Each structure stands twice: as C-alpha cells, then as structure tokens.
Amino acid sequence: MEFTASGAPAATGCAPRICLVTMGCAKNEVDSAAMARRLAAAGYCIVEAPDGADVIVVNTCSFIQAATEESLEAIFEAASLPRVAAGDASIVVAGCMPARYGDDLADELVEARAFVPCSKEDDIVEVVASLVGPASGAASSDAPDAAGPVFSYVKISDGCDRFCSYCTIPLIRGRYRSFGYEDIRADAARAVEAGAREIVLIAQDTGRWGQDLPGGHDLAWLVDQLADEFPDTWLRVMYVQPEGVTDALLAVMAQRENVCSYLDIPLQHVSARLLRAMNRAGSAEKFAALIDHIRALVPDATLRTTLIAGFPGETEDDFEALCDFVAEAPFDYVGVFPYSREEGTKAFDLPDQLDEDEKLERAQVLRDVADTVCGARVAARIGRAMPVLVEGAEEDGQLYGRAQCQAPEVDGVTYVDGGNPGEVVQTVIADTLLYEMEGECR
C-alpha cells in the first residue's frame with residue numbers, strides 16, 4: 001500500500017475529511033464501503049488520498065500472520081504522513097486486528113487514536129466524532145462502494161461456525177449469522193443503480209445462507225430471487241463449502257443465463273486424515289464424486305478451489321496425493337497457500353509442524369502443477385464464443401473485461417477489441433496466456 005505524502009492540510013471551512021484504507025479480502029471492502037456510507041450520511045467528507053485527511057481509518061486484515069504484518073505496515077505508513085506526525089490528523093484502526101487482539105493491540109499500537117473491531121463498525125460515526133467533532137457538512141450518499149468499475153461485492157452473512165482448526169475467522173468475526181433478504185436486496189439494488197453489471201455474493205461460508213433465518217429459504221432461493229429481480233445483471237457466488245453445493249443451487253446456475261456457472265469451493269486438502277485434523281470433512285474420492293456430479297448437472301461450470309500445503313502432519317505421500325488430485329481433477333483455477341501457524345487456533349499446538357522452507361517449497365510445487373493443468377484448461381477455450389463484460393482500458397487504450405468464467409480480481413481478464421465499459425460484448429476467444437484471454441468481438 002503506497003501513500004502519497006504531500007503534507008497538504010485539509011481545507012478549512014469544510015467537513016472533516018475521512019480516508020478509508022482497506023486491507024485484505026473483498027469482505028473487508030464491503031465493510032469499508034458500509035463505514036464510508038455511514039460517515040458520508042453523517043456529513044463527513046470521504047476522500048481517497050490519506051495525506052490530506054483529518055482521520056485515516058485503516059480497516060485491517062488479520063486472518064494470517066502475513067496479513068497482520070501487511071496491515072501493520074499500512075498503519076505505520078499512515079503514521080509517517082506529515083499531518084499525522086504533526087498531530088493534525090488521527091489514525092483509527094478498524095476490522096480484524098482489534099477483533100483478534102483486543103486490548104493487547106491498544107497497549108502496543110500507540111500510533112492509533114481509536115480501535116474499532118468488526119462488531120463495532122456500526123459505531124464508526126461516533127468514533128470519528130470523538131476525534132474531530134461532529135460533521136459540519138451536509139449529509140451525502142456520495143461514498144465509494146465495494147466495487148470495481150462495473151461489479152460490486154454484496155456480503156450475505158458474517159462469521160463462521162465451522163471452527164476449522166487452522167482458521168482465526170470465528171475468533172475475529174464470531175458465530176455465523178445470515179443477513180436478511182431485504183438487506184441483501186437493498187445492497188444489490190444500490191449497486192445496480194450505481195452502474196454495477198455484476199453482483200458478487202460473498203461471505204465466509206455462502207452455502208449456509210438462510211439456515212439460521214425463519215422461512216426455510218436457502219442460497220439457491222436467494223440467488224434465484226436476485227437473478228429474477230435483476231435480469232440484466234450477472235450474479236456470481238463465491239466461497240461455497242463442499243456441503244453447500246446443492247442440486248438446487250446447480251439447477252439455478254443451469255437455468256438462469258445471468259447466474260454465472262461458477263463455483264469457488266475451498267477443499268483445503270484431499271487427505272481424509274488431514275481433513276479430520278483440520279476439523280473438516282471429505283476425501284479425494286468424495287471430492288472427485290462431487291466434481292463429477294457438478295459437471296453432470298452443469299457441464300460448462302467453471303471450478304475454483306483453494307488448497308493448503310504443509311499442514312501439520314502432512315507426509316510426502318499426502319502431498320504427492322494432493323498434487324496428483326490437482327493434476328487429474330478438472331479445476332480451472334487453484335489458489336495455493338502454505339499453512340500459516342496462527343496463535344489461538346487448535347492447529348497451532350498440533351505435533352509434526354513442518355518448517356517454513358518446506359511449506360513454501362511444497363506450496364510452489366503445487367502452484368506449478370496447478371498452473372500447468374489450469375493453463376491448459378484456459379487454453380482449451382480458444383475458439384469458443386462467450387459474453388465478456390467490459391471493465392475498462394489499459395493506459396495504452398487496450399480494452400479489457402471478464403467472461404463469466406473469470407471472477408473479479410483472482411482469475412485474470414479478457415482483452416477485447418471493442419465495446420465500452422459496462423457493456424457485455426459477444427466475443428470469440430482467439431488466444432490465451434496462462435490465465436489471461438484475448439477475444440475478438442463479433
């Protein structure tokens with residue numbers, strides 16, 4: 001994260017200026033956008049550059065140690081800005097770090113004037129007012145959303161009840177809780193009104209949506225309702241655990257043209273023994289059967305997964321089996337992460353921890369296997385016709401967008417020779433380079 005540091009003071013006679021700096025995942029982007037809307041509605045001025053802000057809100061990520069370190073770097077960089085160093089601007093640390101570390105963080109991180117954990121982000125206006133006073137500007141709805149040029153993330157739940165042994169999310173976000181349909185619909189409607197042509201539904205565990213709500217509705221119902229109400233908008237679902245891939249959800253994908261036939265299913269491993277140690281279920285055989293079932297009901301489905309290399313107790317045979325599974329399973333995209341040993345999780349104290357070099361080496365080997373297999377699957381799209389949502393243009397004017405088989409920010413882009421941002425253009429894939437595609441508009 002690079003900050004400019006002009007040292008220019010905030011303009012006098014206007015509302016206090018607030019800059020939100022977001023670290024981590026798309027779920028944090030949604031939370032930052034919600035805080036920005038609350039602040040704008042209260043009359044504060046939301047600015048993009050931190051150097052002229054009166055308050056810099058750093059929305060932190062602390063899922064793994066590397067994310068914590070990156071968030072700390074952002075805080076320290078904000079603290080080095082001239083207005084902050086002179087005491088003319090304040091830093092608020094929000095999100096995952098205060099939720100995970102609590103009072104210990106406040107004792108150590110003296111650069112911050114206030115701390116706002118995830119559960120208290122609704123109070124951001126009161127926190128900011130305690131630092132710079134009430135806003136002097138008029139209430140506004142002009143605040144950035146959790147979006148790219150033509151897509152928007154919509155969060156459908158928060159928290160998690162799975163308690164995977166390696167994961168800090170329940171410690172940070174608490175127990176699973178679905179958001180109500182009307183709130184989700186309102187978020188989607190606001191995004192579409194602002195120009196979004198794609199809505200990406202996200203959560204820690206999207207497949208569980210509705211199980212804790214009255215009415216008996218599930219994720220398939222939610223996607224179907226939104227697809228019907230916004231027929232000109234693509235709908236995409238991310239982070240569906242294997243148990244959440246239901247026939248009803250697959251049927252909606254097969255029947256609705258504006259629902260992307262795309263599933264992001266985090267498997268984490270294929271060893272039944274290691275999955276039990278992770279407090280997860282499954283095996284190579286069960287996952288292979290699930291993939292076959294998906295392909296039978298939605299033949300053109302795009303599949304993404306995430307895997308952990310180097311979990312405690314992972315033998316060389318376990319790792320080879322994982323590589324073999326990736327080499328044989330028809331995934332289009334695979335995210336690979338070396339196991340991160342996190343304090344407070346059950347896996348932290350498991351025996352047979354692998355050293356860091358071994359974990360990193362295994363992760364790279366697995367990435368290489370995935371790149372070979374997935375790159376070939378992407379190349380097999382050459383000659384296929386598919387709609388592409390144009391997102392923008394490079395500095396040289398080259399237009400780019402995404403097909404329905406490409407999720408925002410993780411799966412590469414498709415370069416096209418026509419259209420305007422926000423348009424869906426019919427494209428024939430002419431070439432690929434690993435995960436990037438080149439298309440010729442019809």
Side-chain angles (χ1 to χ4, degrees), residues 1-26 28-62 66-98 105-106 108-117 120-121 123-149 194 392 394-395 409:
M1 177 75 60
E2 292 187 0
F3 294 158
T4 58
S6 68
T12 59
C14 69
R17 298 182 179 187
I18 316 300
C19 174
L20 289 100
V21 177
T22 305
M23 312 302 295
C25 66
N28 268 13
E29 293 181 33
V30 174
D31 294 342
S32 288
M35 287 191 284
R37 287 194 298 273
R38 290 190 180 92
L39 291 164
Y44 292 99
C45 180
I46 307 301
V47 297
E48 292 187 6
D51 56 313
D54 299 294
V55 178
I56 302 169
V57 180
V58 183
N59 190 9
T60 59
C61 179
S62 195
T68 300
E69 292 171 359
E70 189 175 353
S71 292
L72 286 171
E73 289 177 7
I75 295 166
F76 296 147
E77 195 164 355
S80 71
L81 294 175
R83 296 197 72 241
V84 178
D88 297 326
S90 301
I91 296 174
V92 174
V93 176
C96 296
M97 284 181 61
L105 186 66
E108 297 292 333
L109 204 58
V110 297
E111 291 81 0
R113 292 283 305 280
F115 297 86
V116 183
K120 299 294 184 181
E121 287 175 351
D123 300 332
I124 190 64
V125 172
E126 289 78 7
V127 173
V128 168
S130 72
L131 299 175
V132 295
S136 56
S140 170
S141 60
D142 184 20
D145 208 344
E394 304 280 11
E395 291 184 1
E409 304 181 312

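For the numbers below, each heavy atom of this structure counts, side chains included, while hydrogens, waters and symmetry mates do not. On a predicted model such as this, the values are computed, not experimentally measured, just so you know.
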V84 side chain reached by I91 side chain, heavy atoms, under 4.5 Å: yes
With a 4.5 Å heavy-atom cut-off, do M97 and L72 have their side chains touching? yes
For P98 and L105 the tightest heavy-atom approach is N-CD2, 3.6 Å
May I ask you to test the R83-D51 pair for a side-chain heavy-atom distance under 4.5 Å? no
With sequence neighbours left out, what residues match C19 under side-chain contact (heavy atoms from CB on, under 4.5 Å)? V21, V47, P50, A53
Evaluate the side-chain contact (heavy atoms from CB on, under 4.5 Å) criterion for residues M23 and E73: first the C-alpha distance (whole Å), next the side-chain angles of each, then the deciding distance (0.1 Å), finally the verdict. CA-CA 10 Å; M23 312 302 295; E73 289 177 7; over 6 Å; no
Exam field: side chain T60 to backbone A94, donor-acceptor pair closer than 3.5 Å: yes
Specify the closest pair of heavy atoms between E121 and R38, including all atoms of both residues, with the distance to one decimal. O-NH1, 4.2 Å
Side-chain touch D123/V116, heavy atoms, less than 4.5 angstrom: no
Measure across R17 and G52 and return the closest heavy-atom pair with its distance rounded to 0.1 Å. CD-O, 3.9 Å
Report yes or no: do N59 and S32 form a side-chain donor-acceptor pair below 3.5 Å? yes
Is the shortest heavy-atom distance from the side chain of Y44 to the side chain of D54 under 4.5 Å? no
Distance-minimising heavy-atom pair for P16 and A135: CD-CA, 4.2 Å
What's the separation between atom CG in L20 and atom CD1 in I46, rounded to the nearest 0.5 Å? 6.0 Å
Of the options V30, V57, N28, V58, which is the one that meets T22 in a side chain to side chain contact (heavy atoms under 4.5 Å, CB included)? N28
Sequence neighbours excluded, every pair satisfying salt bridge (Lys or Arg N to Asp or Glu O under 4.0 Å) that has a member inside residues 124-135: none
Rounded at 0.5 Å granularity, tell me how far SG in C61 sits from CD in E69. 12.0 Å
Straight-line distance of D31 CG to C96 SG, nearest 0.5 Å: 8.0 Å
Search all heavy atoms of T68 against all heavy atoms of S62 and return the closest pair with its distance. OG1-OG, 2.7 Å
Return the CZ to CD1 distance between R37 and I124, rounded to the nearest 0.5 Å. 13.5 Å
Any side-chain heavy atom of V92 within less than 4.5 Å of one from F115? no
Shortest non-hydrogen separation from E111 to A79 and the atoms involved: CG-CB, 3.8 Å
